[in-house]
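Structure record follows, encoded as structure tokens.
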Amino acid sequence: MSETGAEKATGSKSMPDWEKRFRAPRVSLPDWAEDAPQRSLFVSNATGTYELYAWDRTTGAQRQVTDRPNGTTDGVLSPDGEWIWWFNDKDGDEFGVWLRQPFAGGPDEPAVPGLEGSYPAGLALGRDGRTVVVGRSTDEDGSTIHVVRQDGAGGRGAEPVEVYRHRESAGVGDLSHDGTLIAVEHTEHGDAMHSALRVIRPDGSTVAELDDTEGGTVELGLEVLGFAPVDGDTRLLVGHQRRGRWEPMLWDVATGEESDLVLGLPGDVSAEWYPDGSALLIAHGFEARGELFRYDLASRELVRIETPAGSVSGATARPDGSVEYMWSSAAEPPVVRSTSGGVVLDPPGMKAPRSVPVEDVWVEGPGGRIHALVQKPAGACGPLPTVFEVHGGPTWHDSDSFAAGPAAWVDHGYAVVRVNYRGSTGYGREWTDALKHRVGLIELEDIAAVREWAVTSGLADPDRLVLAGGSWGGYLTLLGLGTQPEAWAVGLAAVPVADYVTAYHDEMEALKAMDRTLLGGTPEEVPERFAASSPLTYVDQVKAPVYISAGVNDPRCPIRQIDNYVDRLVARGAVHEVYRYDAGHGSLVVDERIKQVALELDFAARHLAGGGA
């Protein structure tokens, strides 16, 4: 069979499958304008860099909105569909300002000229075209929220007015349908893992408060899910943890009435409004899978929306009653589907090859049963070289969803094990909140328990075990190499925390607040906890060859603290390699991501006895 035109253009016929999975064009779940639902905004890597795209569903026309060397993913459509707001940072440092561009195309312009650069902390655009609410976070000011009154019809606005300020983390939750109420998520009580809610007017005066901290002894988090999409309706959809997991409820901020929604679902539940306000679209996550339901507010009837087995990573209800959702599984690449039938948005070009299904494993650990997800080459028998791919967050979890990174390792003959350690979401509040004070060490106890299972079950070769991860996963990799030096043959750490004290002093303000919550104070207040949880403390015990990759503009895991760790490796002549790239906390450039994966695959093959299987 001869090569197709697409194969000749991309060289895809000779390209390995693992690389195709990164290069294949992808799209995000399209956002749509509330009052102009035919206008949508989505993210795609079609050019080789993830950028924003506008889509007119009436004509089918699509156009690229942003074009920056390091990519762009943070964008919002105005409710009238006339404007695209996007966040303009510098080379991935996450510090910048909002710009806007007409939906039909045209030059970018400052969206809020009176506000200087910051880290973003939420944005809400009013339906009337006049009210804009902007959240900001800076090291100097902490969290601030500003209201801008525009002239309407896309005109220029008055000077921004500050309506909220606090040193602790806070952000914009939502703006009511009529623009008269602003929902704020804040952590003024000092626990960055659990927000309280305040509803204010555009002049900053308080309307209502909701706080589930239970007197400061047990922190229960709240989150804003959205105001009712009806003028004059003062109900706010809220996520709470009162029964030990995330569930939705309705809170009328005018009367104070709370309406509990007992859905009888075992996992974490989130929700959003149907556009007419008559029902809720329910997203249920349980044991690393996701499913959707429609909940009718009048009849209280919960009806399952049929989706394939796997993970739903996003969903939205359209004005015609249909639901669009992003679906994938470990074996099947992501696709945007609709309950009205068919694929919503299918980018042209090369398709991502399938991978192998994931297997569930439950292991008894020191804090309870641990859920792990396992992939291995089809037909392979152990013991296999095995990569423990550790997720970031730490309040996140691995799921039965498509991931090009783990699939690349499987293609090269490795088994891949992903552990939803204590601190992960999706297994109840107690599991997530167990991650305090003994930070890092707790997660590694769970990883060690799963490692023991992997070896004794015959899956993993104990002499060819790789500990790998990015962000918090990179942190756990370095910490694990130092505290469990006999357990791992190779370590691969991407954008890690390496020197916890220096990382704290150099990182963005919101992460300082998170670290104070996790460790119970600052490095000066609890130095022993920071020392116990810092990879730098154990660097002299590291025996395995170490590969580290880092973005030089990273505000989350800054480069100076990584250099401190590397200097110690150099001083003792430890086997290591470091790759620095010109971006922030990861890269949105496909070629760069492929290069990083290739470097990791090569490093592991060179330093493992026998390489891959």
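As the structure is a computational prediction, the values presented were derived from the model and not from experiment.
Partners of K436 by salt bridge (charged side-chain N to carboxylate O under 4.0 Å, His left out), not counting sequence neighbours, listed by chain and number: D191. Looking at residues two or more places apart in sequence or on another chain, you find no ring-ring contact (aromatic ring centres under 6.0 Å, His included) involving H186. Annotation: salt bridge (charged side-chain N to carboxylate O under 4.0 Å, His left out) contacts of D31 (sequence neighbours excluded): none. Among residues two or more places apart in sequence or in another chain, the ring-ring contact (aromatic ring centres under 6.0 Å, His included) test is passed with Y50 by none. W488 pairs by the ring-ring contact (aromatic ring centres under 6.0 Å, His included) definition with F388, not counting sequence neighbours. The salt bridge (charged side-chain N to carboxylate O under 4.0 Å, His left out) test applied to D499 returns no partner, not counting sequence neighbours. Checked against ring-ring contact (aromatic ring centres under 6.0 Å, His included), Y538 has no partners two or more places apart in sequence or in another chain. Residues passing the side chain to side chain contact (heavy atoms under 4.5 Å, CB included) test with E452 are T456, sequence neighbours excluded. With sequence neighbours left out, the side chain to side chain contact (heavy atoms under 4.5 Å, CB included) criterion links R516 to E168, Y504, E509, K512, A513, T522.
Each of D433, T517, T187 was scored for a side chain to side chain donor-acceptor pair (under 3.5 Å) with H194, with one residue passing: D433. For the pairing with R68, the side chain to side chain donor-acceptor pair (under 3.5 Å) check across T49, D89, D91 returns one residue only, D89.
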side-chain contact (heavy atoms from CB on, under 4.5 Å) assessment of F87 paired with L123: CA-CA 10 Å; F87 193 75; L123 174 72; over 6 Å; no
From CA spacing to verdict: side-chain contact (heavy atoms from CB on, under 4.5 Å), E389, Q375: CA-CA 11 Å; E389 183 83 21; Q375 289 175 279; over 6 Å; no
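Between the side chains of W472 and E443, a donor-acceptor pair is found at a separation under 3.5 Å. Judged by distance alone, the side chains of W86 and D108 do bring a donor and an acceptor atom under 3.5 Å apart. At a cut-off of 3.5 Å, with distance as the only test, a side-chain donor of H397 or T425 sits close to an acceptor on the other residue. Looking at S313 and S311, their side chains never bring a donor and an acceptor atom within 3.5 Å of each other.
The backbone N or O of A404 sits nowhere less than 3.5 Å from a side-chain atom of R21 that would complete a donor-acceptor pair. In this structure, the side chain of S143 engages the main chain of A170 through a donor-acceptor pair within 3.5 Å. Under a 3.5 Å cut-off, the side chain of D400 and the backbone N or O of A330 do form a donor-acceptor pair. A donor-acceptor pair is defined here as one N or O able to donate and one able to accept, closer than 3.5 Å; such a pair exists between the side chain of R136 and the backbone of G117. Remark: the backbone N or O of F402 is paired with a side-chain donor or acceptor of S328 at under 3.5 angstrom. Of the possible donor and acceptor atoms, none in the side chain of R422 sits under 3.5 Å from a partner among the backbone N and O of P366. Between the side chain of N420 and the main chain of D398, a donor-acceptor pair closer than 3.5 Å is present. Side-chain atoms of D93 come within 3.5 Å of backbone N or O of K90 as a donor-acceptor pair. Here the side chain of T386 pairs no donor or acceptor atom with the backbone of V416 at under 3.5 angstrom. In terms of modelled atom types and a separation under 3.5 Å, the side chain of S424 and the main chain of Y421 share a donor-acceptor contact.
For V76 against L41, the heavy-atom pair with the smallest separation is N-CD2, 3.7 Å. When every heavy atom of A544 is checked against every heavy atom of V542, the shortest pair comes out as O-CG1, 3.6 Å. Minimum interatomic distance between H505 and P523 (heavy atoms only, all atoms of both residues): NE2-CG, 4.2 Å. Nearest heavy-atom pair, G142 versus R167, reported as atom, atom and distance to 0.1 Å: N-NH1, 3.1 Å. Counting all heavy atoms, side chain and backbone alike, I559 lies closest to A550 at CD1-CB, 3.6 Å. Of all non-hydrogen atoms in E524 and P527, the two that sit nearest each other are O-CD, 3.7 Å.
Contact of the V466 side chain with the P385 side chain is not registered, since no non-hydrogen atoms from C-beta on lie closer than 4.5 Å. By the 4.5 Å heavy-atom criterion applied to side chains, M508 and R556 are counted as neighbours. Inter-residue side-chain proximity for S270 and W246 is flagged as unmet; no heavy-atom pair is nearer than 4.5 Å. Between T66 and L99, the closest side-chain pair of non-hydrogen atoms is not below 4.5 Å. The shortest distance between side-chain heavy atoms of V417 and L459 falls below 4.5 Å. Between V133 and I145, some side-chain heavy-atom pair lies under the 4.5 Å cut-off. I370 has its side chain out of reach of Y427: every pair of non-hydrogen atoms, C-beta onward, lies at least 4.5 Å apart. In this structure, L52 and V43 have side chains that are in contact, with non-hydrogen atoms separated by less than 4.5 Å.
With rounding to the nearest 0.5 angstrom, the CG atom of L222 is 5.0 Å from the CG atom of L210. Taking CE from M326 and OG from S401, the interatomic distance works out to 11.0 Å, rounded to the nearest 0.5 Å. Between the CZ atom in F95 and the OG atom in S137 there is a gap of 9.0 Å [rounded to 0.5 Å]. Taken from CZ in R560 to CG in D554, the straight-line distance is 14.0 Å, to the nearest 0.5 Å. Note that the CG atom of L125 and the CH2 atom of W85 stand 5.5 Å from one another [nearest 0.5 Å]. With values rounded to the nearest 0.5 angstrom, H166 atom NE2 is found 4.0 Å from E188 atom CD.
Contacts classified as salt bridge (Lys or Arg N to Asp or Glu O under 4.0 Å) and involving residues 580-593 (residues at least two apart or in different chains) are given here: R23-D591, D563-R580. Residues in residues 116-125 take part in no side-chain hydrogen bond (donor to acceptor under 3.5 Å, both in side chains) pair, two or more places apart or across chains. Every pair passing ring pair (Phe, Tyr, Trp, His ring centres under 6.0 Å) that includes a residue from residues 539-578 is listed here, sequence neighbours excluded: Y547-F603.
For E430, the CD atom sits in a loose shell: 12 or fewer heavy atoms of surrounding residues, nucleotides or ligands are nearer than 6.0 Å.
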